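Below is one structure; the comments refer to it alone.
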Amino acid sequence: LQLTPEQIKAAEARRVEEVKQEELRRIRHEVLPEVDRLMRAGAFLEAIDHLEEGVAFASGYDERELMDSLSCVLGRCYLGLQQPKEALMGLNPALMQARREGGPAAIKPHSIAAEA
């Protein structure tokens, strides 16, 4: 059985989508709860490590909503470390999106930035 180039391309696209969905699931159901636990314990540096991986993933797959959410949490971690400059840098993706889109979603990153 030989696959056509179109079938091969479709199979590759399905595999990429499966990998993406699995990573989204992992971030939502494993990483974010762990980040929450770490932040409550004051372990902001560990939380930042998890969040930076998630931001890189979300950016690579153009998952804007997830990237904005992770960026806001990242900004809060840096604020917890008393590092306002880094907080603003971490918030940058969410702030840029908020400036482009406006609306109710723009409130959260701007309010975190105001704390910095």
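Only this structure's heavy atoms are used, side chains among them; waters, hydrogens and symmetry mates stay out. The first residue of the sequence shown is numbered 1, and numbering continues consecutively from there. Here the structure is a predicted model, which means the values were calculated and not measured.
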Hydrophobic cluster membership, with links at side-chain heavy-atom distances under 4.5 Å among I/L/V/M/F/W/Y: are L81 and L91 in one? no
Looking at R100, I'd like to know if its CZ atom is crowded, meaning that more than 12 non-hydrogen atoms belonging to other residues, nucleotides or ligands lie closer than 6.0 Å. yes
In this structure, would L70 and F57 fall into the same cluster of hydrophobic residues linked by side-chain contacts under 4.5 Å? yes
So, applying side chain to side chain contact (heavy atoms under 4.5 Å, CB included) with I112, which one of L95, L74, L79 is it? L79
Heavy-atom neighbours of M89 CE exceed 12 at 6.0 Å: no
Counting neighbours of CD on E18 that are heavy atoms of other residues, nucleotides or ligands and sit closer than 6.0 Å, is the number greater than 12? yes
From CA spacing to verdict: side chain to side chain contact (heavy atoms under 4.5 Å, CB included), I48, Y78: CA-CA 8 Å; I48 288 167; Y78 280 116; 3.5 Å; yes
Would you say that E65 contacts D68 through its side chain, given a criterion of any heavy-atom pair below 4.5 Å between the two side chains? no
Let me know which of R25, E17, E23 forms a side-chain hydrogen bond (donor to acceptor under 3.5 Å, both in side chains) with Q21. E17
Any non-hydrogen side-chain atom of E63 less than 4.5 Å from a side-chain atom of K20? yes
If the threshold is 4.0 Å, N to carboxylate O, is there a salt bridge linking E115 and R76? yes
To the closest 0.5 Å, what do you measure between CD (E53) and CZ (R26)? 6.0 Å
Separation between OG (S69) and CG (L32), nearest 0.5 Å, reads 6.5 Å
If you define the side chain from C-beta out and look only at heavy atoms, does anything of E34 sit under 4.5 Å from R37? yes
Side-chain heavy atoms under 4.5 angstrom apart, residues restricted to Ile, Leu, Val, Met, Phe, Trp, Tyr: same cluster for M96 and I107? no
Side-chain contact, heavy-atom cut-off 4.5 Å: V31 with V35? yes
What distance do H110 atom NE2 and R99 atom CZ have between them, rounded to the nearest 0.5 Å? 5.0 Å
Sub-4.5 Å side-chain heavy-atom contact between L24 and L66: yes
Using 0.5 Å steps for rounding, measure from the CE atom of M67 to the OG atom of S59. 5.0 Å
Pair K9 + E6, salt bridge at N-O below 4.0 Å: no
Atom of P93, atom of R64 and distance for their closest heavy-atom approach: O-NH2, 3.2 Å
Approximate separation, where rounding is to 0.5 Å, of E30 CD and I27 CD1: 10.0 Å
Within a strict 4.5 Å, meaning less than it, do heavy atoms of the V16 and Y61 side chains meet? yes
Student check: side-chain heavy atoms of M39 and V73 closer than 4.5 Å: yes
Between N92 and S71, is there a side-chain heavy-atom distance shorter than 4.5 Å? no
